[in-house]
Amino acid sequence: MSATIALQLAFWTPLTGALLIAFNGRHPAVREALTIITAILLFASLAVLAPAVFDGARPGLMMAEPLPGLSLQLTVEPLGLLFALLASLLWIVTSVYSVGYMRARQETNLTRFYTCFALSLWTAMGMALAGNLLTLFVFYELLTLSTYPLVTHSGSEQARRSGRLYLGLLLAPSLGFLLFALIWTWQLAGTLDFVEGGSLRGTASPALLGILFALYAFGISKAALMPLHRWLPAAMVAPTPVSALLHAVAVVKGGVFFLLKVTLYVFGIDLVAELQATQWLLYVAAATILLASLVALSKDNLKARLAYSTISQLGYIVLGTFLATSSGIIGSTLHMVMHAFGKITLFFCAGAILLATQKTAVSQMHGVGRNMPFTMSAFLIGSLCIIGLPPAGGVWSKWFLMLATLEAGHQALLVVLMASSLLSALYLLTVPLRGFFYPSPADMAGKGIREAPLACLLAIGLTASGCVGLFFYADSLYAIARLLTPGDGHG
Amino acid sequence: MITQHLPILQVIVPLLTAPLCLLVQDRRFAWGVSLAASWTAFLIAALLLDQTLEQGVISYELGGWPTPWGIEYRVDTVNAFVLLIVAAISSVVLLFAQRSVAKEILFTRIPLFYTAYMLCLAGLLGITVTGDVFNLFVFMEISALSSYTLIALSEQRRALTAAYQYLFMGTIGATFILIGIGLLYMMTGTLNMQDLSQRLPAVTGTRTVETAFAFLTVGISIKIALVPLHLWLPNAYAYAPSVVSAFIAATATKVAFYVLLRFMFTIFGVSFAFKTMPLNFIFMVLALAAMFAGSTAAIFQDNIKRLLAYSSIAQIGYMILGISFASVTGLTAAILHLFNHALMKGALFLSLGCIVYRLGMANMEQMRGLGRLMPWTMAAFVIGGLSLIGVPLTVGFISKWYLVVGALERGWWPLAVAVLVASLLALVYVWRVVEVAYFQAPSPAHAGEIREAPRSMLLPTWALIIANLYFGIDTSLTVGVASQAARQLLGVSE
Amino acid sequence: MNVLIGHYNYWIVIFLMMAGLYVVIAQGNLVKKIVGLNIFQASVFILFISMGKVEGGTAPIVTQGVSLYSNPLPHVLILTAIVVGVATTALALALVVRINEAYRSVEEDEIHEQDQSF
C-alpha cells in the first residue's frame, strides 16, 4: 500500500466512522463495533505508514487553499506520527473500556457520545498529521468544539457550567492569543510551514519574538500552563472514558504537541534557547509543576486529583520543550508517551472503582484493594509510571528531563522536578496504600463488591502492561525521539 | 445583442415584476414571478461579474445619451460583486419565503409583500449598478421606502413604530446625501461619478466640497447604521417579518456600505478622504465603538432577532475598520466581510425564520430544548454562529484573518487585538443561545407539537450554511474578486 | 454684511433645515413630526432651486435675443426629489394611521408606555 493511500485512510477513517455511528447508532452493539473497528483500522493504517516515515519519508496530502499561499495540508513526520499512533492505540483500548463502562453506568445519549468521540479522534489526527500551522490551528479549534458535547454529556447544571469554563478557557486564548500569534508569524516569516530549524530567526528583535513565543505558550491553553489551566479540572465532569483518553491523552497532548511543533519548526530550538522570554516561561512552567502538585495533594476527589496531576505533568513536558536542548526535547517526547500510558491507567482504575463501589473520594478508598486487587495493582503501576520509578516507563522520560535542566544550567529547576516527583508520590501512592493496608469500613463489608466488568479490566490490564513494557522497551521510542533533534553530540 | 443591455436589465426585470405582482393579486403567481425575476437578476449579475473580470469596466448609456449628460450605468469589479451578493441572497430568501410569508403576513397583503420586495430589490440593484449620483439617490429612496413597507407588513404592532422610526432616520440620511450631491453639483456641474472624480481635484480646497463630504459621510453612515447612528436598526430587524429581516440584514446595509466605498474612493479619492479629511481616524474610533458596543449589547438581548441585529451593528464595525486602514489588505478585508457577513446573517436570520415559523416568535424562552426538537434548524444556527465568531473553516475566519493582517501590516497591533477580543464577545452571545437550545428541557407546552421546519425552508437555510463553509475553505473566488475590487478602488495597478 | 445679504438664500435654507429638524426631534406627536420632516426636505429643495439661478439669466426657454439662461437641471432634479418626498409623506401618514389603529394614539410617549407595559 502506498504511503499516500495509507495517509488518506488514516485521515478519513475516524470521520467516516463518526458519520457511520451517527446514522447507524441506534443499536448499542452496532455503534460499539463500529467504534472498535474504526479505531483498529485507524491504528493499522498509521502503523503501515510508520516504517517509511521513521526512515525519513514525508508523505503529504493537499486538501484546500483557503487563503492565498496558505493551504490546509497534511504531512507526516515522526513527532506527529508518534502522537497519532499513541492516540489511536489508546483509542482502541478506551473503546473496549467504554463498552463496559457506559453500559454499566447506564448512560444515555450514547450515539452522540460515540459520534463525538470519533470526531474528537479525527480532529486529533488532523492535528497530529497537520502539514502547517494553519492546519494545526484549524484542527486544534475543532478538537475543542468536538469535545465540548462530551464534557457536557450529562447535561446537568454542573456539566453546563463546567462546559462554559471549558469552552471559554480553550477558545478565548486560542482566538485571542494563538490566532494573533499565527497571523503575526505569517506577517514576519511569510510562511506558516514547518521548517526544519525554524522560520522566524532574524525576522524581528528578540524582545518581539519573545512576546510572540509567550503568545504561543499561553494561547495554546490545551497545554494547561497556569493560570490558564482551570478548564482541565472542569472537564472532569465528563464520563471516565472521556477523561481518560481525551483529557489525559488526546486533548492535553495535542496542546503540548502544538508547543513542541512551534518550538522545533517555527522558532527552532536554538532561537528559543536564546530568547529572554523563555527564561520567564521556564519559571511559569516550574511554578505550574509545583503548584499543581500541591493542589493535587489537597484534592480529595480522585478525578480532580488526577486532573491536577495531569497539569503538573504537562508542566514537565512544557518545561522540557522550553529548555530547548536535545535532552529536553527527547525527554518531552518520551514523557508525552509515558504520561499518556500512566494517566490513562489511573483514570481507568478510578472509573472502575466508581463503577464497583460508587466511591469518588480518596478518603473513601480504605480497603478497596482487598475487593478489587487487580484494579488497585494497576493503579499502583500507573502511579509508578507518573512518579518515575521502575519498573515503569516514566523513569526514562524524567531522567532526560532532569538531565536537560542540568545541561541548560538550571539547577533550581532540577530541584523543582525532584520536589514535584516526591509530591506526586505522596498524592498518588496514598490511594493504593489506603486501598491495600487500611481496613474496609463497616458499610462496605458484606456488600459483595467485586471487580468492574471484564471489558474494563481488559483495558486496564493492557495499559498497565504498557507502562511496564515501556520500561523495558524504551529504546525504540528513544530512537524516534532522536529523529527530532538532528545531529549533535549530547543527549 | 441582449448582453449589451445587461446593466439595465439588472434593474428593469425586478422593477417591472413589482407592478405585475400588484395587478394580478394572486399569492402563488406573485411568489412564482418574483422568484423567477430574482433568479434572472442573479443570472444577470453572474454574467456581469464574468464580463467585468474578463473585459474590465462596462459602461452603459441609458437611452443612448452620451455620458456626462445622460445617465450612465457603470459596472466594475466592485459593484459587480455587490450585485451578485444582493441578487444571490434575494434569490435564496425568496425560495424560503413562500411558507414563511404565508404564516407571518396577513393573507390579503401577500401580493403587496412581493410587490414591495421586488421594488426593494430593484432599488438595491439600481443603487449598485448606476454611475450617476442623483440616480443613486432615487434608487436609494425606492429601496428605502419599500423596505419601510416591508417592515410594516409584520403583524406585530411594534413593527409599525419600528418602520416609522426607520423612515425618519432613513429620510434624514437620504436628505443629507441629497444635500451632499447638490453641493457637489454646485462646484462641478456634473452628476456623473467618473466626471465628478475628474473635476473634483480642481476644487477640493473649497469649504463647499468639504461640507458636501461631511453631509455625504453622515448621510451614508445613517444608512449603514454606523454607531452612533444605528438606533433605527435593532427594532427594524427585530420586528420585521423573518424573511424581511433576512433580506434586509444581508443586503441593505451592504449596499449602503458599497455607496460609502464609491463616494470615498472613486469620487473623492483616497488622498482627499483620508489625508485632507481625517476620516480614517474617525472611522477607526467609530468602528471600535461599534464592534464593542454592538457585541456587548447583543449579549444582553432576550429577543434573538434583536441579538442578531446588534451583532450586525458590530459586524458593520469590522467593515468600517477595514476601510480605515486605507490599504489594499484593509479594503480587501472590508469587501470580503461584506460578502461573508451577508452569508452568515442571511443564514442565521433564515434559521430564525424556521423557528418563528414553528413557534411564533424567537425569544430565549422559545429556544429551550430546540436542539432536540428542531435539530437541523439549530445545527444551522450553530454553524452560522460559529461563522460569526470566526472559527476556522467558516467565512468569518477568512474576514478576520484579513482584517488582522491588515492591522499588522500597518503596525497597528492594538487594533488586531481588538478585532480578536471583539470576536470573543461574539462567542458569548452565540453560546448563550446554544446552551439554552441544547441543555434546557423544552417547555412542556411545546414538547409534543414542535416539529422540524418544512423542507422548503430548511433547504435554502442550509444552502447558505453550506456557502458559509464552502467560501471558508475555497476562497479563490471571494478573495480574488475582493482584492481586485480593492485595487480598483484604490487605483493601484495589479 | 455683504455675506449676510448676498447669501440670503442659504440663510433661508439653514433656517428651514434647523426648524424642520427641531420639529422632528422635539415633537412627540407623530403627525407633527411628519410636518417637520417636510419642512426639512423643503429646505433642501430650495437649496437646489436657488443654486440653478444664474445672475441676470432668464427662464431656460430658447428666445431671440437672450443668451443667458438659468440652469434648468436642478429644477428637474428637484421635481424628482419632490415626488420622492410626497411618497415618503404618504407612506409616513399611512404608518401613522396604522399606528393609531393599533395603539389608539399618535403620541410618542403614550405609544412607548404601551410597549413597555407588555
Side-chain angles (χ1 to χ4, degrees), chain B residues 68-69 109 116 119 123 132-135 137-142 144-187 189-191 208 211-212 215 219 235 239, chain C residues 10 13-14 17 20-21 23-25 27 30-31 33-34 36-52 71 73-74 76-78 80-81 83-106 108 111-112 114-116 118:
Chain B
W69 299 286
R109 294 190 187 136
L119 279 177
D132 181 284
V133 284
F134 196 80
N135 200 231
F137 164 76
V138 174
F139 276 123
M140 197 171 240
E141 283 301 77
I142 291 178
L145 287 172
S146 48
S147 55
Y148 311 144
T149 318
L150 284 172
I151 292 167
L153 277 171
S154 165
E155 285 184 4
Q156 285 173 288
R157 66 176 184 177
R158 291 194 70 167
L160 296 172
T161 42
Y164 185 85
Q165 200 187 5
Y166 185 15
L167 183 143
F168 269 77
M169 290 296 278
T171 305
I172 292 173
T175 311
F176 272 26
I177 293 171
L178 187 61
I179 296 170
I181 291 171
L183 294 175
L184 285 184
Y185 179 73
M186 205 151 115
M187 292 311 290
T190 181
L191 293 168
T208 316
T211 315
F215 270 113
N235 280 338
Y239 301 113
Chain C
Y10 293 126
V13 168
I14 291 170
M17 190 182 282
L21 266 184
V23 175
V24 169
I25 295 164
Q27 268 297 331
L30 297 186
V31 180
K33 270 178 184 288
I34 296 174
L37 195 67
N38 271 311
I39 297 173
F40 174 64
Q41 286 182 310
S43 74
V44 182
F45 301 160
I46 292 173
L47 173 75
F48 266 76
I49 293 165
S50 63
M51 182 199 307
N71 185 348
L73 190 66
V76 181
L77 296 180
I78 283 318
T80 318
V83 173
V84 170
V86 169
T88 312
T89 310
L91 183 59
L93 285 172
L95 279 174
V96 171
V97 170
R98 291 271 313 273
I99 289 173
N100 192 36
E101 280 169 9
Y103 290 87
R104 295 264 136 245
S105 167
V106 291
E108 206 172 28
I111 292 167
H112 189 68
Q114 289 188 42
D115 276 339
Q116 290 316 87
F118 240 104

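Numbers restart at 1 for each chain; the letters A, B, ... are given by sequence-line order, proteins then strands. Keep in mind it's a predicted model, so treat the numbers as computed, not measured. Computation of the quantities below employed the complete heavy-atom set of this structure, encompassing side-chain atoms and omitting hydrogens, waters and symmetry-equivalent molecules.
- Of the two parts of C/Leu77, the backbone and the side chain both hold a non-hydrogen atom closer than 4.5 Å to a non-hydrogen atom of chain B.
- B/Arg157 CZ to C/Ile111 CD1: the interatomic distance, rounded to the nearest 0.5 Å, is 9.0 Å.
- Residue contact with chain C, scored on non-hydrogen atoms closer than 4.5 Å, involves the backbone and the side chain of B/Ile172 alike.
- The residue among C/Ala92, C/Ala87, C/Ala94 with the most heavy atom pairs within less than 4.5 Å of chain B is C/Ala92.
- Note: B/Arg158 CZ to C/Gln114 CD = 11.5 Å, rounded to the nearest 0.5 Å.
- Remark: side-chain polar atoms of B/Tyr185 are not paired, donor with acceptor, to backbone N or O of C/Met51 under 3.5 angstrom.
- Using a 4.5 Å cut-off on side-chain heavy atoms (C-beta onward), C/Ile34 and B/Tyr164 make contact.
- Interface residue C/Leu30: backbone and side-chain heavy atoms are both found under 4.5 Å from chain B.
- Using a 4.5 Å cut-off between heavy atoms, C/Ile99 contacts chain B through both its backbone and its side chain.
- Between B/Leu178 and C/Val84, every side-chain heavy-atom pair lies at or beyond the 4.5 Å cut-off.
- With a 4.5 angstrom heavy-atom cutoff, C/Thr88 touches chain B via backbone and side-chain atoms both.
- Note that OG1 of B/Thr149 and CG of C/Leu91 are 4.5 Å apart. Values are rounded to the nearest 0.5 Å.
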Q: Show your reasoning for whether side chain to side chain contact (heavy atoms under 4.5 Å, CB included) applies to C/Thr80 and B/Phe134.
A: CA-CA 10 Å; C/Thr80 318; B/Phe134 196 80; 3.9 Å; yes
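- B/Leu160 and C/Ala102 make their closest contact through CD1-CB, 4.1 Å (heavy atoms, listed as atom of the first residue, atom of the second, distance).
- Contacts with chain B were tallied for C/Lys33, C/Glu101, C/Glu108, C/Met17; C/Lys33 has the most, counting heavy-atom pairs under 4.5 Å.
- Separation of atoms CG (B/Leu167) and OG1 (C/Thr89) is listed at 8.5 Å; rounding is to 0.5 Å.
- Minimum interatomic distance between C/Phe48 and B/Gly182 (heavy atoms only, all atoms of both residues): CZ-CA, 3.1 Å.
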